[in-house]
Q: 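I'd like to ask some things about the structure below.
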Amino acid sequence: MTASLKAVVLISGRGSNLLAIADAIEAGQLQAKIALVLSNRPDAAGLELAAARGLATAVVDHRDFSSRAEFDLALQSVIDGVNPDVVVLAGFMRILGAAFVTHFLGRLVNIHPSLLPDYPGLNTHRRALEAAEATHGCSVHYVIPELDAGPVILQSVVPVLPTDSVESLAERVLVAEHLAYPRALELIAAGRVCLQSGEVWLDGRPARPEDKVR
Ligand code: GRF
């Protein structure tokens, strides 16, 4: 099978989304190849999981740089060396500067554990519970310089149960993430989705809100 989408995956932690993407590729559900798994933390658990899968890994440790701009440039140069079609943020916990984001605009995607534009930032599950939301979920989106504000490719909605704790809700959203990220990447791999003039296009026209909910 010819891989159609060359991906670099950026992680900072456990790497469960990375594994879900790797699984989807192995299962033939996603026509892609993970060319490199890159972490800003040498101790990210996902690095070992990636290596165990035979994936190439690298670390650009943010603590080795005196400024965010220098770190971003080092990261950019490693990624450019691979020349990927898509840069996949999968639990990457560093904010990337505008120059980096602009450099990869249209090729840089993220998964966020909320139904954006609701709950950008951290602690999304706790905030959704505190607000007594009936539903919560995750969003795969193109990254723009403004944090968690990029155009949404697709969202997956999960119910909030009366018995939910932060942990149980997070767990249910994570299951949805593991389905949503490979699906969104497959839309990109198939050439069905792209970013055009700041909007997500699906099948040659601007995506409608109902296209984005799976
Ligand atoms: C996920 O919940 C993702 O939405 C958020 O960070 C978490 C990463 O988890 N951006 P993992 O490292 O993929 O397991």
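Predicted model, so just to flag it, every value in this text is computed and none were measured. Order of listing sets the numbers, starting from 1, for every ligand and every atom in it.
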Q: In terms of hydrophobic clustering (I, L, V, M, F, W, Y; side-chain heavy atoms under 4.5 Å; direct or indirect links), are V109 and W201 co-clustered?
A: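 No, it is not one cluster - the side chains of V109 and W201 are not joined through contacts under 4.5 Å.
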Q: Would you say V143 ends up clustered with V60 if hydrophobic residues are merged whenever their side chains have heavy atoms under 4.5 Å apart, either directly or through other cluster members?
A: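 Yes; V143 is reachable from V60 via cluster members.
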Q: Below 4.5 Å, heavy atoms only, C-beta onward: do E171 and V175 meet side chain to side chain?
A: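 No, their side chains stay 4.5 Å or more apart.
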Q: Relative to each other, are the rings of F92 and F71 parallel, tilted or perpendicular (30° and 60° limits)?
A: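 Parallel.
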Q: Return a table of N or O atom pairs, ligand 1 on one side and protein on the other, at distances under 3.5 Å, rounded to 0.1 Å.
A:
{"unit_1": "ligand 1", "atom_1": "2 (O)", "unit_2": "E177", "atom_2": "OE1", "d": "3.2"}
{"unit_1": "ligand 1", "atom_1": "2 (O)", "unit_2": "E177", "atom_2": "OE2", "d": "3.0"}
{"unit_1": "ligand 1", "atom_1": "4 (O)", "unit_2": "E177", "atom_2": "OE1", "d": "2.8"}
{"unit_1": "ligand 1", "atom_1": "4 (O)", "unit_2": "E177", "atom_2": "OE2", "d": "3.2"}
{"unit_1": "ligand 1", "atom_1": "9 (O)", "unit_2": "R14", "atom_2": "NE", "d": "3.4"}
{"unit_1": "ligand 1", "atom_1": "9 (O)", "unit_2": "R14", "atom_2": "NH2", "d": "3.3"}
{"unit_1": "ligand 1", "atom_1": "10 (N)", "unit_2": "I111", "atom_2": "O", "d": "3.1"}
{"unit_1": "ligand 1", "atom_1": "12 (O)", "unit_2": "G15", "atom_2": "N", "d": "2.9"}
{"unit_1": "ligand 1", "atom_1": "13 (O)", "unit_2": "S16", "atom_2": "N", "d": "3.3"}
{"unit_1": "ligand 1", "atom_1": "13 (O)", "unit_2": "N17", "atom_2": "N", "d": "2.8"}
{"unit_1": "ligand 1", "atom_1": "13 (O)", "unit_2": "N17", "atom_2": "ND2", "d": "2.9"}
{"unit_1": "ligand 1", "atom_1": "14 (O)", "unit_2": "R14", "atom_2": "NE", "d": "2.5"}
{"unit_1": "ligand 1", "atom_1": "14 (O)", "unit_2": "S16", "atom_2": "N", "d": "2.8"}
{"unit_1": "ligand 1", "atom_1": "14 (O)", "unit_2": "S16", "atom_2": "OG", "d": "2.5"}

Q: Pick one: which of E133, H136, R126 meets side-chain hydrogen bond (donor to acceptor under 3.5 Å, both in side chains) with Y119?
A: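 Only one of E133, H136, R126 forms a side-chain hydrogen bond (donor to acceptor under 3.5 Å, both in side chains) with Y119, namely E133.
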Q: How long is the span from the CG atom in L30 to the CG atom in L185, to the nearest 0.5 Å?
A: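 Going from CG on L30 over to CG on L185, the span is 5.5 Å.
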